[in-house]
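Below, chains carry the letters A, B, ... as their sequence lines are ordered, and counting in each starts from 1. If you're wondering where the values come from, they're calculated on a predicted model, not measured in any experiment. Computed over heavy atoms, backbone and side chain alike; hydrogens, waters and symmetry mates excluded.
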Amino acid sequence: MKYNPADIETKWQKIWEDKKLFKVEKDESKEKFYCLEMFPYPSGKIHMGHVRNYAIGDVISRYKFMQGLNVLHPMGWDAFGLPAENAAIENSTHPAVWTKSNISYMKEQLKQLGLSYDWDRDIATCDPEYYRWEQLIFIKMFEKGLIYKKKSHLNWCDDCNTVLANEQVEEGACWRCGQDVAIKELDGWYLKITEYADELLEYANDKLPGWPNKVLTMQKNWIGKSYGAEINFQIKDTDEKINVFTTRPDTLFGATFMSVAPEHPIVKTLLAGTDKEAEGTAFVDSILKEDKINRMDDDKEKRGFFTGKYVTNPVTGNDMPIYIANFVLMDYGTGAVMAVPAHDQRDFEFAKKYGCDLKIVIQPKEELSLETMVEAYTGAGTLVNSGQFDGTDNDSAKKSIVEFLDNEGLGKSTINYRLRDWQISRQRYWGSPIPFINCDKCGSVPVPEAELPVKLPDVDFNPDMRGNPLDKVESFKNTTCPKCGGAATRETDTMDTFMESSWYFMRYTSPHCDTAPFDKDKANYWMNVDQYIGGIEHAILHLLYSRFYTKVLRDLGYIDIDEPFNRLLTQGMVCKETYKCPEHGWLYPEESVDGKCSKCNSDVAVGRVEKMSKSKRNVVDPNKLIQKYGADTARLFILFASPPERELEWSDSGVEGSFRFLNRVWRLIQNNIELFNSELPAPVEDELSKELLFHTNVAVKKVTEDIDRYQLNTAVAAMMEFVNNLYAIEAKMGDEHKALFRDSILSLMKLIAPFTPHAAEELFEMAGFEGLISRSSWPEFDEKHTQKDEITIAVQVNGKLRGQIEIARDLDKETIFEIALANENVVKHTEGKDIFKKIYVPNKLINFVVK
RNA sequence: GCCGAAGUGGUGGAAUUGGUAGACACGAGGGACUCAAAAUCCCUUUUCCAUUGGAAGUGCGGGUUCGAUUCCCGCCUUCGGCACCA
């Protein structure tokens, strides 16, 4: 029978589904393994990135199943988000309709890949049964003081009437309507992730050994803990002070002016009623009008405005002019900076432009002078011009100056984070409603728990819609205050969709629990996720939020763990070269035929290898691939082509190779299928038997170890090598070897089972086995068969390979040297020379050092 | 600019702890089978010189070592992250 993936794949997918093969329950008697891949946004159809992600997770899950573990392997849908809402507006359909149809289509696609999910645990985050718990958690967090509301400056599109995330601003304009983006001060809800900054950092430092360093480093940088001081500066002729944060208190004597952020509240006070007011306000407005992206541009010119006011340097007593400066960020530190132009590059540039004083307070070995300085000196040195601190090295001066300030009540040592609290308000429809009611008398009041979930109301979507749909649904918006009973309005913003993905992995442990977000017992049994797999692009946002959420849920008493994910594998992107036609722009791969555009026959320009994306059309559709070769081939190729962490360059001919391999496996086992139903003579202990045992045990060992260390590409290579060896042995063997050969091809079936499960099931069945190979045991290897008695070792002279000798394993050293020295070619290189050192690496090589 | 990762045949990649560089696969060339094709199978395939064999070779330049793709120093390139963070 020819290998025909189309028939066998649907057959086995149905059997697995009918038998609910991958359905699991908590079972204390078994060791558990929780394998999780990042759930997808239901955008319409799956792409190669999904295939790769889920193929990796499926191999690991199936392998652990076969090793006898109780494996939880769930899948679901990150179902809230803007694309659904945009599609709804465009097509006048409800986002729920669009989302649901996408989910059912994509679910079918995933099933076609033969993935081992427990579909009974399927969840969609847009389901009120999911987001009701998110709303409950939100209220619990509020009660614990982890949530607050504040005004802040955000990207705002007037036309769409909504806040935009930074990444939704394209060259200063709204990505959807092209309107210029403004900065607007808006109310928003914040989660106090900064309260957990230290713990998040601490675990990232050394308590997450299963995470790639790369991701931990990115998170550490994102949190950005820095030690420094807060120093108070008195505004001259007033009672008010301006606080600054600095990491360089040692340079305080060199502070000659002050810069404050345009958004800083003090700005209005400073300008009020002065002759600078009009000009200053205009300056501030001109900066705030720029969108955030532009304002943070590379090499942005430094612009400042002198307010006409001064602060007093607390240690020198000198007047320091106060400038409003475009490069000072309101949301880092205190929004005000003491400027030390001699020792900070930004302040240096600013001072040169606006003619501010420079003062050197740190001298390195090679003396600085103001006349020759062309840039700020930021290195170490000895303090000068710094009163009683002169002569101390700048590092210890950091401490002593802060101590001095502390004693005088002028400042204190402090720690600052780059991490900011998480703003979760979105002026959108397709997200979880924020369960709060705004009352004129009582302020923001949580919706009583009994009234949860706050469900999204129905809205008629149409292309003429603008703004936040919820805000216009009067029946939703108008309500009464739960506290005072007076008229009140419901919060019409919805939550950031990262809120859903921050705890979905816990919901999977009891997805239908209707009394709590999840069953605590079950969650404690299944968590942590033992293996999490997903794209590197989530290194910060999703993975940091999930860690934060886990700690919060712990502190709220929902679960007893500190971190959600034990091991993390970040898979690389799937890439392909791009094709561009001078007439028709980007082309799909199939539109470029022999270097010509299939539409106009112009020469096609082959671009660089890039991440597969719809916009550049350098995509390969998993559907077409599965139709042509089957899911097993698709899975095998995507795992073989590259190690999981690295990016994968798509190659059609590589796919052919994987298909060929599967056919070779198929034929090898087919040709010998009758062995499974035959009485065979007892095996003999000859060379060929030894060889067979050797190759089989080596293959099992290598595949096992490679899966354990995520090297799925070399695991596939080991299976290929095994098959090549089996063909060679098949050609030589007699009846007395067939019993062993039968064992070997059974091992082969099991080894390929996690990778190409359909083909493995079919072969297993044809061999006459009862039950499913997916539920059979993983093959074991015997270390003694992975070693040969006769081995080849390399003979080097002065580190250069001069020969190879066959010896018995573990032969004594001196005998090996004798044999090696007798080797003809070795003699040539040692003759007439002194051998003054002989090195022997057991069973590997020897090296003669001669002169 | 800062941080991180990577750089190996024509191509994707392998070499797990410092020990025979190029496993496995793709592509290419040659051959077998076939009326022919497809499929399959076999051989060759780092470069250079050559007759057994030799020389060079893992981005570049140094170093440590009997021995370096692997460790150290300096540089180049590519990719990723962060970026006026006080």
Side-chain angles (χ1 to χ4, degrees), chain A residues 2 212-222 224 226 228 244-248 251 255 259 295-302 325-329 331-340 343-347 349-350 416-420 536-537 539-540 572-573 637 640-643 645-658 660-661 663-664 667 702 705-706 708-709 711 713-724 727 731 792-804 824-825 828-829 836-850:
Chain A
K2 204 171 154 257
N213 274 329
K214 186 183 186 174
V215 175
L216 294 175
T217 305
M218 279 162 72
Q219 292 206 352
K220 282 186 262 184
N221 291 342
W222 189 264
S226 54
V244 304
F245 171 76
T246 179
T247 54
R248 295 296 303 274
T251 62
S259 324
R295 197 171 147 195
M296 302 233 177
D297 247 3
D298 259 10
D299 308 322
K300 185 80 184 174
E301 204 200 341
K302 292 185 175 33
N326 64 340
F327 63 90
V328 180
L329 308 171
D331 40 16
Y332 184 78
T334 62
V337 185
M338 69 174 206
V340 186
H343 303 289
D344 181 286
Q345 187 56 26
R346 292 157 301 189
D347 298 340
E349 286 167 29
F350 191 90
N416 197 43
Y417 297 91
R418 191 183 162 279
L419 181 72
R420 290 157 212 168
I536 183 75
E537 64 273 20
I540 296 173
M573 298 179 301
F637 171 69
F640 176 61
S642 192
E645 306 228 60
R646 219 184 292 182
E647 67 175 35
L648 181 149
E649 193 184 328
W650 192 262
S651 134
D652 292 330
S653 52
V655 179
E656 294 272 359
S658 293
R660 270 204 289 272
F661 168 70
N663 275 287
R664 269 168 73 74
R667 278 198 312 275
K702 178 92 174 118
E705 290 177 354
D706 282 353
D708 283 335
R709 66 183 181 117
Q711 285 282 350
N713 57 326
T714 51
V716 176
M719 299 188 302
M720 290 173 166
E721 222 172 333
F722 186 32
V723 169
N724 291 345
Y727 267 104
T792 307
I793 68 168
V795 184
Q796 300 182 338
V797 179
N798 285 347
K800 289 194 173 159
L801 185 68
R802 296 302 179 190
Q804 291 184 327
E824 195 188 342
N825 200 40
K828 268 208 291 199
H829 291 90
F836 67 92
K837 205 166 180 185
K838 298 174 185 171
I839 288 147
Y840 174 55
V841 182
N843 299 320
K844 279 249 160 107
L845 64 70
I846 53 184
N847 188 13
F848 296 114
V849 187
V850 303

Tell me the partner of B:U17, counting only Watson-Crick (N1-N3 plus N6-O4 or O6-N4) or G-U wobble (N1-O2 and O6-N3) with both under 3.5 Å; none if nothing fits. none
Looking at B:G27, which nucleotide sits across from it as a Watson-Crick or G-U wobble partner, both distances under 3.5 angstrom, or is there none? B:U45
Contacts under 3.5 Å, N or O only, protein and nucleotides 68-70 of chain B:
none

With heavy atoms under 4.0 Å as the rule, sort A:V337 into base, sugar-phosphate or nothing. base
Whole-Å C1' distance, B:G19 and B:G67: 7 Å
Does the side chain of A:W650 reach to within under 4.5 Å of the side chain of A:F637, using non-hydrogen atoms? yes
What does A:N724 touch in the nucleic acid at a heavy-atom separation under 4.0 angstrom: a base, only the sugar-phosphate, or nothing? sugar-phosphate
Taking N or O atoms only and anything under 3.5 Å, show me the protein contacts with nucleotides 37-40 of chain B, one pair per line.
| from | atom 1 | to | atom 2 | distance (Å) |
| --- | --- | --- | --- | --- |
| B:U40 | O3' | A:R667 | NH2 | 3.2 |

Kindly write out the residues that satisfy side-chain contact (heavy atoms from CB on, under 4.5 Å) with A:P842, not counting sequence neighbours, or none if the list is empty. A:Y840
Classify the side chain of A:K838 and the base of B:C66 as holding, or not holding, a donor-acceptor pair under 3.5 Å. no
Any strand: nucleotide that pairs with B:G22 via Watson-Crick or wobble, under 3.5 Å: none
Can you tabulate the close N/O pairs, meaning under 3.5 Å, that link protein atoms to atoms of nucleotides 16-19 of chain B?
| from | atom 1 | to | atom 2 | distance (Å) |
| --- | --- | --- | --- | --- |
| B:U16 | O4 | A:K702 | NZ | 2.9 |

Which whole number of Å gives the distance between the P atom of B:U58 and that of B:G10? 13 Å
Taking only the side-chain nitrogens and oxygens of A:K214, find out if one of them lies under 4.0 Å from OP1 or OP2 of B:G4. no
Within the structure shown, what part of the strands sits under 4.0 Å from A:G657 by heavy-atom distance: base, sugar-phosphate, or nothing? sugar-phosphate
What does nucleotides 46-59 of chain B look like as a protein-contact string, B for base, S for sugar-phosphate only, - for none, at under 4.0 angstrom between heavy atoms? -------SSSS---
Does the side chain of A:N713 get closer than 4.0 angstrom to OP1 or OP2 of B:A14 through an N or O atom? yes
Non-neighbouring partners of A:K214 that pass side-chain contact (heavy atoms from CB on, under 4.5 Å), sequence neighbours left out: A:M218, A:I536
How long is the gap from CH2 on A:W222 to CZ on A:R418, to the nearest 0.5 Å? 5.0 Å
What I'd like to find out is whether the side chain of A:I839 reaches to under 4.5 Å of the side chain of A:I846, using heavy atoms alone. no
What's A:E349 touching, base or sugar-phosphate or nothing? Going by heavy atoms closer than 4.0 Å. nothing
Partner residues of A:T247 under the side-chain hydrogen bond (donor to acceptor under 3.5 Å, both in side chains) criterion, sequence neighbours left out: none
C1'-based separation of B:A55 from B:A37 [nearest Å]: 46 Å
Starting from C1' on B:C26, measure out to CG on A:D652 and report it in whole angstrom. 12 Å
Taking only residues two or more places apart in sequence, or in another chain, which ones meet A:E537 in a side-chain hydrogen bond (donor to acceptor under 3.5 Å, both in side chains)? none
Using purine N1 to pyrimidine N3 plus N6-O4 or O6-N4 for Watson-Crick, or N1-O2 and O6-N3 for G-U wobble, both under 3.5 Å, which nucleotide pairs with B:G74? B:C60
Between B:A86 atom C1' and A:R420 atom CZ, what is the distance in whole Å? 13 Å
Listing time: all N or O pairs from protein to nucleotides 7-12 of chain B that are below 3.5 Å?
| from | atom 1 | to | atom 2 | distance (Å) |
| --- | --- | --- | --- | --- |
| B:G12 | O2' | A:A641 | O | 2.7 |

Between B:G74 and B:C2, how far apart are the two P atoms, rounded to whole Å? 13 Å
Between B:C49 and B:C41, how far apart are the two C1' atoms, rounded to whole Å? 35 Å
Contacts of type side-chain contact (heavy atoms from CB on, under 4.5 Å), residue A:E349, not counting sequence neighbours: A:K302, A:Q345
Applying a 4.0 Å non-hydrogen cut-off, can you work out what A:T792 is touching in the nucleic acid: base, sugar-phosphate, or nothing? base
Say we look at B:U46 and B:U11: how far apart would their P atoms be, to the nearest angstrom? 13 Å
B:U47 and B:G57: how far apart are their C1' atoms, nearest whole angstrom? 8 Å
Listed partners of A:F640 passing ring-ring contact (aromatic ring centres under 6.0 Å, His included), at least two apart: none
Both distances under 3.5 Å, Watson-Crick or G-U wobble: report the partner of B:G9, or none. none
Residue matched to B:A38 through Watson-Crick or wobble contacts both under 3.5 angstrom: none
Check: A:R802 main-chain N/O paired with A:N825 side-chain donor or acceptor under 3.5 Å: yes
Test of understanding: with side-chain contact (heavy atoms from CB on, under 4.5 Å), list the residues that count as partners of A:N724, not counting sequence neighbours. A:R664
Which nucleotide in the set B:A23, B:G13, B:A86 lies at the smallest distance from any side-chain heavy atom of A:V328? B:A86
Do side-chain atoms of A:N798 reach the backbone of A:V850 as a donor and acceptor pair under 3.5 angstrom? yes
If we take the C1' atom in both B:G59 and B:U69, what is their distance in whole Å? 12 Å
Who does B:G1 pair with, Watson-Crick or G-U, both distances under 3.5 Å? B:C82
